[in-house]
Amino acid sequence: MRYRGAPYNRMIVQESFDTDAMHPLSRIQQRFRDALQGMAADVEPYVAMVKPAQDARHGDYQANCAMSLAKTLGKKPRDIAQQIVGKLDLGDLLQAPEIAGPGFINLRLRDDWIAARLRDMAADERLGVAAAQAPRTIVIDFSSPNVAKPMHVGHLRSTIIGDALARLFRFLGHRVIADNHLGDWGTQFGMLLHAFKNFRDEQALKSDPVREMLRLYLKVRELMRAAEVDEDDAGPSARTYSADEIAQARQVADAARTETARLHAGDAENVALWEQFMPWCLEEIDRIYRRLDVRFDHTHGESFYNPMLDGVVRDLLDKKIAEESQGAIAIFLDPERKQPPALVRKKDGAFTYTTSDLATIRYRADTWQPDAMLYVVDARQALHFKNLFTAARKWGYDKVALEHVSFGSVLGEDRKPLKTREGGAVELGSLIEEAVARAGQMYEQIRAERIERGDEVPELTAEERKQIEEAVGIGAVKYADLCQNRATDYVFSWSKMLAMTGNTATYMQYAYARNRSIFRKGDVDVSRFRASPPPVVVAHPAERALAMELLRLEETLHSAAAEYQPSDITNYLWNLSKSYSSFFDKCPVLKADTPELRDSRLLLCDLTARTIQQCLGLLGIRTIEMM
RNA sequence: GGGGCUGUAGCUCAGUUGGACAGAGCAGCGGAUUUCUAAUCCGCCGGUCGGGGGUUCGAAUCCCUCCAGCCCUGCCA
């Protein structure tokens, strides 16, 4: 299969999807590949024109290659279509194709073939998704917060998208190295050092150092706000400041800068304090990661690379890749020198993040020999990564695929960068708390409505209820983010996110819970449907629609991986869950007309549940058995 | 000045890299429950795909141009 206009280096990762796929589309394309032999020098572009039908009335899949092939051959499209169909080995796979309109070939899978594949899928732990035959090693760089300050909403997308990609590639059989490139060496530590030396509360430090670190950071940030030094977090000033306040803020900012410089210069006291602070800072971010169920294989922050920076610059100079310019050391990437160069050492002798990122590339390439390094970072850094990758390739790292997996900003409902009412960044901890609390309220409300209506409502323990709140609240936050195309800015909206209807995590979780309820109610042991799946009957249109969605799992995961696009998975989940809800409504399972039909439908249910659980799991979202 | 991203229904967004009459959700309107969880299902309403030009049998998609918004652009990361 060809993937959409992928740049050459990306194929390093993607070509592994070509050979392993066994999903229906891939098999149909293989039949077309054979049938098209001899009709064109390179048949692949035409094979790629076989795709899922956009409209169910045109079948399951459609081939659009006859029209363009007819043009190059100077023949009539419908004749070419006829010719292709004549050579096509349909085998047991497809019903008789239909030629429609100008020369579309409409394809419909045979129901008995679908039924057989569903049984295969049920018997397979991986739900028919082949593990890569040639696993790639992929470093994924994501989240990367500055550790001295609270994680805020700006870290959300990177963390969630990066984690989803790590889970996806791992499931597809690749070797994934999730690496959290912490900002643990920057100016925020100067702020913390200044605050610690001047404002620390010994008592608080003893009893709860993590909280005290947080308080100190927030205090110094507040003091500096008038100078707009940490603008990124504090936001535009919510009010105007007096001359005194501005003077004081500048003084504090200067002091913080001095502390940072001393730390970087190796000042013994500051380095010792930094070593003391780090575990406390890490504990704070780990708390968030535990809550979000996000894991890393490595946490190599900027400080880890700091000792290598001098050597990197020397090597760049030795190899004539970098040169002195206006007192700084620069890499000119534009041969005409019209574009600004990337600086690897400032005129004051300090290194830049380009230096640190180059050191990182060297370390990762030497240590893990990866096929690809993915950087899940906000789109505003596109230029930096473009320059970084160009510099890295000049430096000799031209075999590894370097990819900036970029994404848009998180905006408030006013379409401006999301801020609290006070103008600061929304902290991730409080955002999670609010999501969980809102999920709890929502649950109570719906429960009350159901009781009012006389519905049967499951009796839950406090612990089970807590599980629902966590899964629904955090799932809502993650899903809302992942379901959007990465490229566009993302408008953060509680009401949309926690909506009970539409393309939300809750809808999938609910579909899953209702599904599991059938097995409880019927006292059905699911293991039978996995160990020796019963025959499947594809009769009702809702059954067939559901079956078709189930068979698209592998195709979906390959596309999501090839495009680094978790929203492909959420779109799939939405279609699958909709098909399931419709099936649930129209096709009685436990009270099906015959035992055979009941078994067949139970198998469809179990497969759906497993597929939903698998897909949500790849997005880092939990399912709940009862809600 | 240069570069990037975005513009599709009242709102939020899909749109499988050039295919069939442009699709969802929300909102609005109207239906469905003696049957497995109604956090559900079914239907209706709603579009100058930012404007204009071009390529093509065929364009939301490719090319040109203009408009609007956001972002980046040598010593912050």
Side-chain angles (χ1 to χ4, degrees), chain A residues 2-5 25 48-49 51-55 57-58 62 64 67-68 70-71 77 100-104 106 144 146 183 186-187 229 231-232 302 325-328 330 338-343 345-348 350 352-354 356-357 378-384 386 406 408-409 411 415-416 442-443 445-447 449-450 453 455-458 472 483-485 487-489 491 493 495-496 499-504 506-507 509-511 513-522 555-556 559 563 567-568 571 574-575 578 581-582 584-592 601 605 626-627:
Chain A
R2 279 282 160 90
Y3 289 94
R4 326 165 184 174
L25 177 59
M49 289 182 201
K51 46 184 72 172
Q54 295 200 359
D55 187 321
R57 278 170 304 190
H58 301 132
Q62 61 182 54
N64 303 330
M67 283 87 78
S68 50
K71 185 156 51 180
F104 295 105
N106 292 338
S144 316
N146 288 321
T187 50
V229 168
E231 199 176 341
D232 183 44
E302 290 167 338
S325 168
Q326 298 175 25
K338 294 208 165 121
Q339 298 301 317
L343 298 187
R345 178 143 63 194
K346 302 190 285 187
K347 66 181 172 195
D348 68 3
T352 69
Y353 64 121
T354 299
S356 171
D357 281 346
D378 158 13
R380 286 172 298 190
Q381 297 195 35
L383 182 61
H384 165 64
K386 186 172 167 247
S406 73
S409 308
L411 305 179
R415 295 217 143 256
K416 291 185 180 140
M442 202 69 80
Y443 182 79
Q445 190 192 323
I446 284 165
R447 186 185 167 83
E449 285 170 10
R450 286 158 75 176
R453 231 177 10 238
D455 285 359
E456 206 179 311
V457 178
V472 170
C483 80
Q484 200 134 118
N485 188 313
T488 50
D489 286 346
V491 177
S493 155
S495 55
K496 194 182 139 202
M500 295 297 104
T501 52
N503 188 4
T504 61
T506 318
Y507 182 91
Q509 288 166 325
Y510 181 65
R514 288 204 299 176
N515 180 313
R516 294 293 85 179
S517 162
I518 292 174
F519 289 83
R520 270 196 307 277
K521 198 133 242 170
E555 182 188 318
T556 300
S559 138
E563 300 296 319
S567 64
D568 285 353
N571 288 338
W574 170 232
N575 288 327
K578 265 195 299 191
S581 292
S582 192
F584 183 89
D585 201 60
K586 295 182 177 65
C587 302
V589 178
L590 293 173
K591 294 182 182 169
R601 288 183 175 167
C605 285
M626 233 189 289
M627 63 192 286

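Every chain is numbered from 1, with letters handed out A, B, ... down the list of sequences.
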Does [N] have OP1 or OP2 sitting under 4.0 Å from an N or O in the side chain of [X]?
| X | N | value |
| --- | --- | --- |
| A/N485 | B/G15 | yes |
| A/S409 | B/C5 | no |
| A/Q54 | B/A20 | yes |
| A/K346 | B/C76 | yes |
| A/K521 | B/U37 | yes |
| A/R450 | B/U37 | no |

Find which nucleotide of RNA chain B each of A/Y353 and A/K71 is nearest to by heavy atoms, and output the residue with the more 5' nucleotide.
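That would be A/K71.
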Toward the 5' end of RNA chain B, which comes first, A/T488 or A/R57, by nearest nucleotide?
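By nearest-heavy-atom nucleotide position, the 5'-most residue is A/T488.
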Once you round it to whole Å, what is the distance between [atom2] of [N] and [atom1] of [X]?
| X | N | atom1 | atom2 | value |
| --- | --- | --- | --- | --- |
| A/F584 | B/U37 | CZ | C1' | 6 Å |
| A/K338 | B/G3 | NZ | P | 12 Å |
| A/K386 | B/C71 | NZ | C1' | 15 Å |
| A/N575 | B/U16 | CG | P | 14 Å |
| A/E563 | B/A14 | CD | C1' | 15 Å |
| A/Q62 | B/G15 | CD | P | 17 Å |
| A/Y510 | B/A39 | OH | C1' | 5 Å |
| A/N64 | B/G58 | CG | C1' | 11 Å |

How is [X] classified with respect to the nucleic acid when contacts are heavy atoms under 4.0 Å: base, sugar-phosphate, or nothing?
| X | result |
| --- | --- |
| A/D357 | nothing |
| A/D455 | sugar-phosphate |
| A/M49 | nothing |
| A/A350 | nothing |
| A/N571 | sugar-phosphate |
| A/V589 | base |
| A/A100 | base |
| A/K51 | sugar-phosphate |

What integer number of Å spans the [atom1] atoms of [N] and [M]?
| N | M | atom1 | value |
| --- | --- | --- | --- |
| B/G15 | B/U6 | C1' | 16 Å |
| B/U40 | B/A59 | C1' | 39 Å |
| B/G46 | B/G10 | P | 11 Å |
| B/C64 | B/A77 | C1' | 38 Å |

Pairing check on [N]: which nucleotide meets the Watson-Crick or G-U wobble criteria with it, both distances under 3.5 Å?
| N | value |
| --- | --- |
| B/C5 | B/G69 |
| B/G23 | B/C13 |
| B/C41 | B/G31 |

If you check the [X] side chain, which of [options] turns out closest?
| X | options | value |
| --- | --- | --- |
| A/Y443 | B/C21, B/U6, B/A39 | B/A39 |
| A/R453 | B/C36, B/U17, B/A38 | B/A38 |
| A/M67 | B/A20, B/G19, B/U6 | B/G19 |
| A/P52 | B/A39, B/U16, B/C36 | B/U16 |
| A/L590 | B/C75, B/A39, B/C36 | B/C36 |

Going by ring centres under 5.5 Å and near-parallel planes (under 30°), is A/F104 stacked on B/G19?
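Given the distance and angle limits, no, they do not stack.
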If you look at every heavy atom in [X] and [Y], which pair is closest and at what distance?
| X | Y | value |
| --- | --- | --- |
| A/G502 | A/Y507 | O-CB, 3.4 Å |
| A/F584 | A/R514 | CE2-NH1, 3.3 Å |
| A/P77 | A/P102 | CB-O, 3.2 Å |

Check nucleotides 72-74 of chain B for protein N or O atoms closer than 3.5 Å to its own N or O atoms and list the pairs.
| from | atom 1 | to | atom 2 | distance (Å) |
| --- | --- | --- | --- | --- |
| B/G74 | O6 | A/Q326 | NE2 | 2.7 |
| B/G74 | N1 | A/S325 | OG | 3.3 |
| B/G74 | N2 | A/S325 | OG | 3.4 |

Does A/N515 contact B/C36 through a side-chain donor or acceptor facing the base, at a distance under 3.5 Å?
no
How should the glycosidic conformation of B/U17 be described, syn or anti, under the criterion that syn lies within 90° of 0?
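The base of B/U17 is oriented syn (glycosidic angle within 90° of 0).
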Are any of the side-chain heavy atoms of A/L25 and A/P52 separated by less than 4.5 Å?
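Counting from C-beta outward, A/L25 and A/P52 do come under 4.5 Å.
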Among side-chain atoms of A/S582 and A/K578, is any donor-acceptor pair under 3.5 angstrom?
no
Per-nucleotide protein contact string for nucleotides 41-47 of chain B, where B marks a base within reach and S marks sugar-phosphate only (heavy atoms under 4.0 Å, - for neither):
SS-----
What residues form a side-chain hydrogen bond (donor to acceptor under 3.5 Å, both in side chains) with A/K521, not counting sequence neighbours?
A/E456
Hey, mind stepping through A/D568 and A/T556 against side chain to side chain donor-acceptor pair (under 3.5 Å) and telling me if it holds?
CA-CA 7 Å; A/D568 285 353; A/T556 300; over 6 Å; no
